[in-house]
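One-based numbering along the sequence shown.
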Amino acid sequence: YVTSDLATDVTINVGEVKFYLHKFPLLSKSSRLRKLVLKASEECCDEINMVDFPGGPKAFEICAKFCYGMTVTLNAYNVVAACCAAEYLEMTEDVDRGNLIFKIEVFLNSSIFRSWKDSIIVLQTTKSVPPWSENLKIVGRCIDSIASKTSVDPAKITWSYTYNRKLSVSDKTAGDGMKFREKIVSVPKDWWVEDICELDIDLYKRVMTAVKSKGRMDGVAICEALKMYAVRWLPDSVDTLDSDVHSWRNKLLVETIVCLLPLDRGVGCSCSFLLKLLKVAILVGVDNSAKEDLLKRISLRLYEASVKDLLIPARPPQTTLYDIEMVLSIVKRYMMLGHDLDVAKNEMGCTDFVLGHGSLLSVGKLIDEYLEEIARDPNLSLASFIDLSQCVPEFARPVHDGLYKAIDTYLKEHLSLTKVERKKLCSLMDVKKLTMDASMHAAQNERLPLRVVVQVLFFEQVRSAAGVQPLRDTSHSTTNTDEELEKTAAEDCNSLEKQMSRIKIKEDAFQEKCELAKQSSRSSKSGMKLLPSRSRRMFDKLWGFGKGHADNRSSETSASSQSPTSMVPGDTKSSGSSSRNRRHSIS
């Protein structure tokens with residue numbers, strides 16, 4: 001109702017609300033109401049029905065108050081509805097000068113589009129009147145306003161924004177030399193990403209597309225924005241992700257984020273974020289093209305990943321805990337990239353590409369740690385373990401301590417392995433590339449085949465006799481740069497080559513004497529003939545080491561090359577003392 005001494009002469013129905021008004025003030029401002037009132041008069045009807053009025057009763061009330069000359073308060077929350085209602089009622093300048101459409105346009109240009117947060121609020125409210133706001137280009141103007149402000153130099157930003165995260169390293173470094181007052185007003189480069197997280201998926205996609213089209217935003221800031229949006233809207237619970245209620249929305253969200261990733265796959269997003277996105281993509285069932293894009297991006301930055309990142313839950317019909325095939329695919333892609341780098345460098349005449357860059361060493365260490373983690377899975381097949389281990393080239397694994405730990409864990413969790421399977425598994429490891437600590441552990445490891453223990457003891461004896469420094473394990477260093485890793489790995493490689501040159505002759509001599517010993521034992525009827533002194537000392541050492549475990553290893557010892565001490569009972573005592581003396585000298 002309108003408070004007036006004059007009786008109302010027209011009733012307008014907007015939705016479920018009836019407005020009892022006067023014709024004269026309405027007809028002086030609205031061209032559409034003129035037509036509707038004329039039509040109602042011809043039909044002898046006092047009521048006008050507006051079924052699909054944009055903005056509903058509240059928007060019509062704003063227009064009606066303006067017609068009566070009352071004060072109308074516009075803000076970011078009601079201006080879109082008022083604008084659409086004024087357009088519907090045709091409140092243009094042709095009807096009356098300074099009409100509502102003109103007033104709203106001035107308000108939008110002078111206030112809304114100049115404000116960062118108001119532009120975002122107005123963009124959100126356009127969802128209530130989608131066709132009208134699109135046709136009136138309010139959505140496009142809001143998006144352009146937001147995208148333009150994200151491209152402004154951070155030093156020139158004077159408006160308020162939301163920033164609840166810690167400053168990035170670059171922003172902290174930039175502020176180190178500033179005075180206290182200057183530090184307070186310094187603006188980070190990604191100041192804008194949190195405010196736009198409140199937008200719906202379709203509007204967010206359009207805003208980010210406009211931001212990228214400006215060409216002034218680097219990939220790091222784009223990825224930070226996408227990461228924040230994923231954290232804001234993707235549920236933490238796996239059950240919620242996989243539920244039927246939200247599955248379609250979560251799938252659309254992941255596919256939208258993937259399509260908004262920077263075009264340059266090698267920069268911007270961290271491997272950890274990409275792998276988390278891949279896990280969600282698998283759970284919600286995104287299309288193959290989105291997964292393929294993620295796999296390509298992950299393979300480029302695999303050296304940044306952690307073991308936790310690679311633990312991708314397996315989906316039926318897989319029986320393992322984690323998706324081993326997916327990780328194997330990623331590693332193979334990465335190694336193909338490394339091969340391309342190798343070929344390119346060789347074509348350019350570079351000869352120092354022995355171990356590749358430090359990232360290859362990081363990937364080798366990562367896969368060894370991943371193997372140790374998945375080795376605890378009782379359903380992990382030996383073939384899968386071997387395939388994943390062999391996809392890492394030798395030059396990316398200068399030290400085999402990590403691989404040894406993974407093998408030992410697999411042996412511990414899979415006690416049903418046959419002797420042939422244990423031998424095949426341990427053949428992945430090169431005992432010459434074990435550090436001193438790993439060699440000492442392996443020499444006392446009852447789970448290893450006897451032949452492997454013999455090799456460990458032999459090479460440690462040769463290494464000690466030759467006075468060669470043991471291999472260094474640099475896998476625990478977290479501060480080395482790629483160049484330092486390359487230098488260390490190259491030194492280890494050179495050291496290993498020198499060891500190999502010394503070991504080669506002695507190993508051949510050892511094998512030759514073992515053959516002679518076997519022939520001698522076959523030709524001797526009594527079987528009491530002694531082996532050559534060097535070989536006998538090695539086997540005496542093994543016998544002395546394994547003496548305490550005779551019950552556990554009796555069957556394995558008889559199946560392998562026969563111990564001379566078992567054939568010569570009289571030498572048992574002297575062999576044991578000799579072994580103890582040698583152990584003292586080695587340590």
Side-chain angles (χ1 to χ4, degrees), residues 12 14-17 19 29-30 32 50-67 70-92 99-150 152 159-164 191-211 225 228-229 232-233 249 252-253 256 260:
I12 300 177
V14 181
E16 297 180 354
V17 180
F19 290 88
K29 299 288 186 182
S30 170
R32 190 182 188 93
M50 294 185 177
V51 181
D52 298 324
F53 190 83
K58 290 185 177 180
F60 182 81
E61 184 180 352
I62 292 174
C63 296
K65 285 183 176 181
F66 182 81
C67 292
M70 299 179 184
T71 302
V72 175
T73 303
L74 294 176
N75 54 48
Y77 295 94
N78 65 12
V79 67
V80 172
C83 182
C84 296
E87 288 287 346
Y88 180 87
L89 295 174
E90 299 176 4
M91 302 175 72
T92 63
N99 215 338
L100 184 56
I101 292 177
F102 173 77
K103 299 282 188 183
I104 291 175
E105 187 66 23
V106 171
F107 177 69
L108 287 172
N109 291 328
S110 63
S111 179
I112 296 298
F113 296 142
R114 291 190 177 186
S115 169
W116 164 251
K117 290 197 172 182
D118 283 349
S119 296
I120 296 174
I121 293 170
V122 168
L123 183 59
Q124 287 176 300
T125 60
T126 58
K127 296 290 290 182
S128 61
V129 281
W132 282 90
S133 57
E134 285 286 356
N135 294 335
L136 296 175
K137 303 188 184 305
I138 299 175
V139 176
R141 293 165 71 188
C142 285
I143 291 173
D144 186 65
S145 171
I146 294 169
S148 299
K149 288 176 175 59
T150 61
V152 174
W159 52 81
S160 62
Y161 56 89
T162 305
Y163 199 94
N164 296 320
W191 60 269
W192 51 275
V193 304
E194 290 185 40
D195 284 322
I196 65 172
C197 282
E198 298 305 316
L199 296 172
D200 289 338
I201 298 174
D202 54 342
L203 290 176
Y204 182 83
K205 181 178 180 180
R206 293 174 65 177
V207 169
M208 289 300 298
T209 303
V211 170
M228 286 298 303
Y229 195 75
R232 172 67 178 83
W233 292 106
R249 181 183 176 280
L252 177 62
L253 177 57
T256 300
L260 289 173

Could you grab the distance from atom [atom1] of [X] to atom [atom2] of [Y], nearest 0.5 Å is fine?
X	Y	atom1	atom2	answer
Cys142	Leu199	SG	CG	10.0 Å
Asn99	Glu105	CG	CD	13.5 Å
Leu203	Ile143	CG	CD1	6.0 Å
Phe107	Asp118	CZ	CG	7.0 Å
Thr125	Ile138	OG1	CD1	8.0 Å
Phe53	Lys58	CZ	NZ	14.5 Å

Counting C-beta onward and ignoring hydrogens, is there a side-chain heavy-atom pair between [X] and [Y] closer than 4.5 Å?
X	Y	value
Leu89	Lys29	no
Asp144	Lys137	no
Cys67	Met91	yes
Arg114	Trp159	no
Ser128	Val80	no

Could you tell me which non-hydrogen atom of [X] sits nearest to which non-hydrogen atom of [Y], and how far apart they are?
X	Y	answer
Ala82	Ala59	N-CB, 4.5 Å
Leu100	Phe66	N-CE2, 3.4 Å
Ser115	Ser119	O-OG, 2.7 Å
Met208	Ala225	CE-CB, 4.0 Å
Arg32	Tyr88	CD-O, 2.7 Å
Gly55	Ala81	CA-CB, 4.0 Å

message: Assess the residue pair Arg206 and Val139 against the criterion (side-chain contact (heavy atoms from CB on, under 4.5 Å)); give the C-alpha distance rounded to whole Å, side-chain angles, the decisive distance to 0.1 Å, and a yes or no.
response: CA-CA 10 Å; Arg206 293 174 65 177; Val139 176; 3.7 Å; yes
May I ask you to decide if [Y]'s main-chain N or O and [X]'s side chain share a donor-acceptor pair within less than 3.5 Å?
X	Y	result
Ser110	Val106	yes
Glu87	Leu136	no
Asp200	Asp202	no
Ser133	Pro130	yes

query: Under a 4.0 Å N-O cut-off, is there an ion pair linking Arg232 with Glu194?
result: no
query: Which of these passes side-chain contact (heavy atoms from CB on, under 4.5 Å) with Tyr229: Ile196, Leu260, Thr256, Leu253?
result: Leu253
field: Under the side-chain hydrogen bond (donor to acceptor under 3.5 Å, both in side chains) test, residues paired with Lys149 that sit two or more places apart
entry: Ser145
query: Can you list the steps and then say if Lys117 with Thr162 is a side-chain contact (heavy atoms from CB on, under 4.5 Å)?
result: CA-CA 9 Å; Lys117 290 197 172 182; Thr162 305; 3.4 Å; yes
- prompt: Distance under 6.0 Å and angle within 45° of the ring axis: does Arg141 meet both against Phe113?
  reply: no
field: Qualifying residue for ring-ring contact (aromatic ring centres under 6.0 Å, His included) with Trp116, from Trp192, Trp191, Tyr161
entry: Trp191
